[in-house]
Amino acid sequence: MERKDWPLWEVFVRSKAGLSHKHAGSLHAPDEEMAISNARDVYTRRSEGVSIWVVESKHIHSTLETDSESMFDPNEDKIYRHPTFYDIPDEVGHM
Amino acid sequence: MSEQDLQAIFDKKIENEVKIEPKDWMPDSYRKNVLRQMAQHAHSEIVGMLPEGNWITRAPSMRRKVALLAKIQDEAGHGLYLYSAAETLGKDRERIVLDLLEGKAKYSSIFNYPALTWADIGAVGWLVDGAAIVNQIMLQKTSYGPYSRAMIRICKEESFHQRQGYEILLTLCRGTEEQKAMAQDALNRFWWPSLMMFGPSDKDSPHSAQSMAWKVKRMGNDELRQKFIDQTVKQADFLGLKIPDPDLKWNEEKGQYDWGLIDWEEFYNVIKGNGPCNKERLAARQAAYDNGAWVRDAATAFANKKAKRRDKDAA
Ligand SMILES: [Fe+2]
Ligand SMILES: [Fe+2]
């Protein structure tokens with residue numbers, strides 16, 4: 001596919017081994033290789049990362065603000081999903 | 001949902017300090033205002049590289065050169081963070097950049113002043129970055145999410161900028177009489193333009209009240225300017241330099257400095273395009289855009305070729 005404008009990429013950086021990649025920002029680049037190389041210069045100039053992911057922004061799908069009630073609110077009354085819902089006598093010790 | 005309901009949700013978020021995110025509904029006027037401010041901020045970072053870039057090859061030592069290079073590279077990064085944030089409001093990067101080149105967008109008036117001597121590089125780091133930091137710390141709490149996140153990232157990088165500038169002046173001030181005079185001359189020229197960076201007094205600033213109501217800005221221009229003055233005076237004293245304002249004096253009662261009058265005519269004149277370097281700055285940006293065209297085209301052609309080859313391999 002021919003294209004002239006550079007697509008937008010989202011950049012995810014793993015700040016150190018053992019942690020997940022976290023969204024750092026976005027940038028334009030003609031392809032994934034340049035996107036990674038630019039991401040290194042833009043988002044990790046002070047060793048903020050040990051690994052970079054780039055994803056073309058158009059491949060990211062998200063929830064909508066208008067959905068957020070029906071998406072997330074039902075969880076609020078499911079208190080039995082939390083440890084504090086259960087009564088365990090103190091004598092049992094930490095659990 | 002009716003526009004009224006959406007407006008009510010928006011207002012509630014602003015009231016409760018909930019950030020506005022790109023896909024959220026927002027009034028058109030908010031979108032326009034934040035976009036204008038972010039684009040202007042991005043352009044300032046990029047144009048701001050020019051006066052300092054001018055001194056890279058003439059930095060007096062390797063230590064100074066690597067520091068200045070790193071600082072200028074940071075500013076390019078700041079420009080990119082801000083262009084990305086601006087783009088989330090639905091205007092392309094290319095269009096935002098072209099607005100600057102076509103003279104439709106502004107950038108901070110301070111960058112229309114030249115950096116004439118090496119001491120100016122010190123003064124720029126100390127005062128110009130110093131003033132920018134005061135403004136940017138406030139903007140970390142701005143109501144637009146992507147702008148706020150860009151500011152947090154930028155603030156982490158700025159303190160090195162100010163310190164490297166101050167260190168340059170400290171070295172000059174501990175040097176020969178001529179070196180100290182050079183530092184004083186830089187302060188004389190950069191002091192008032194630095195105060196102008198905060199913009200007109202709130203009562204004369206067309207966007208101020210609305211920006212505050214939307215929490216895009218969290219403090220007024222006058223308050224920020226006062227904060228900058230109060231923190232900078234003792235730094236000047238330490239250098240043994242004199243701030244070029246005969247009216248500057250400590251006001252015990254208010255717990256802050258009183259100071260003189262800004263020449264707003266000069267400010268508006270520079271904004272209108274008549275500063276010492278306005279034409280040179282835009283010409284330099286235009287040249288960078290034009291001279292980079294073949295690089296952008298080549299990168300695009302290479303990416304297209306690679307994609308084609310990959311499609312063929314997959315077939
Ligand atoms: Fe900056
Ligand atoms: Fe800076």
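Note that this is a predicted model, so its numbers are computed, not measured. Here is how names work: the chains are called A, B, and so on, in the same order as the sequence lines, proteins then strands, and each is numbered from 1.
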Measure distances from [X] to the heavy atoms of chain A and classify the residue's part below 4.5 Å as side chain, backbone, both or neither.
| X | answer |
| --- | --- |
| Ile9(B) | side chain |
| Asp74(B) | both |
| Lys306(B) | side chain |
| Arg153(B) | side chain |

**Q.** Residue among Met1(B), Glu21(B), Gln73(B) with most heavy-atom pairs under 4.5 Å to chain A
**A.** Gln73(B)

Q. Between atom CZ of Arg93(B) and atom CG of Leu27(A), what is the distance when rounded to the nearest 0.5 Å?
A. 7.5 Å

Would you say [X] has more than 12 foreign heavy atoms packed within less than 6.0 Å of its [atom1]?
| X | atom1 | result |
| --- | --- | --- |
| Arg218(B) | CZ | yes |
| Gln4(B) | CD | no |
| Lys215(B) | NZ | yes |
| Lys78(A) | NZ | yes |
| Lys32(B) | NZ | no |
| Glu3(B) | CD | no |

Q) So do the side chains of Asp5(A) and Glu94(B) get within less than 4.5 Å of each other, counting heavy atoms only? A) no

Q | Nearest heavy-atom neighbours spanning Ala303(B) and Pro30(A) | A | CB-O, 3.5 Å

Q | Closest approach of Ser84(B) to Ser26(A) (non-hydrogen atoms, all atoms of both residues) | A | OG-O, 3.0 Å

Q) By number, which residues in residues 32-54 of chain A have some heavy atom less than 4.5 Å away from chain B? A) Glu32(A), Glu33(A), Val42(A), Tyr43(A), Arg45(A), Arg46(A), Glu48(A)

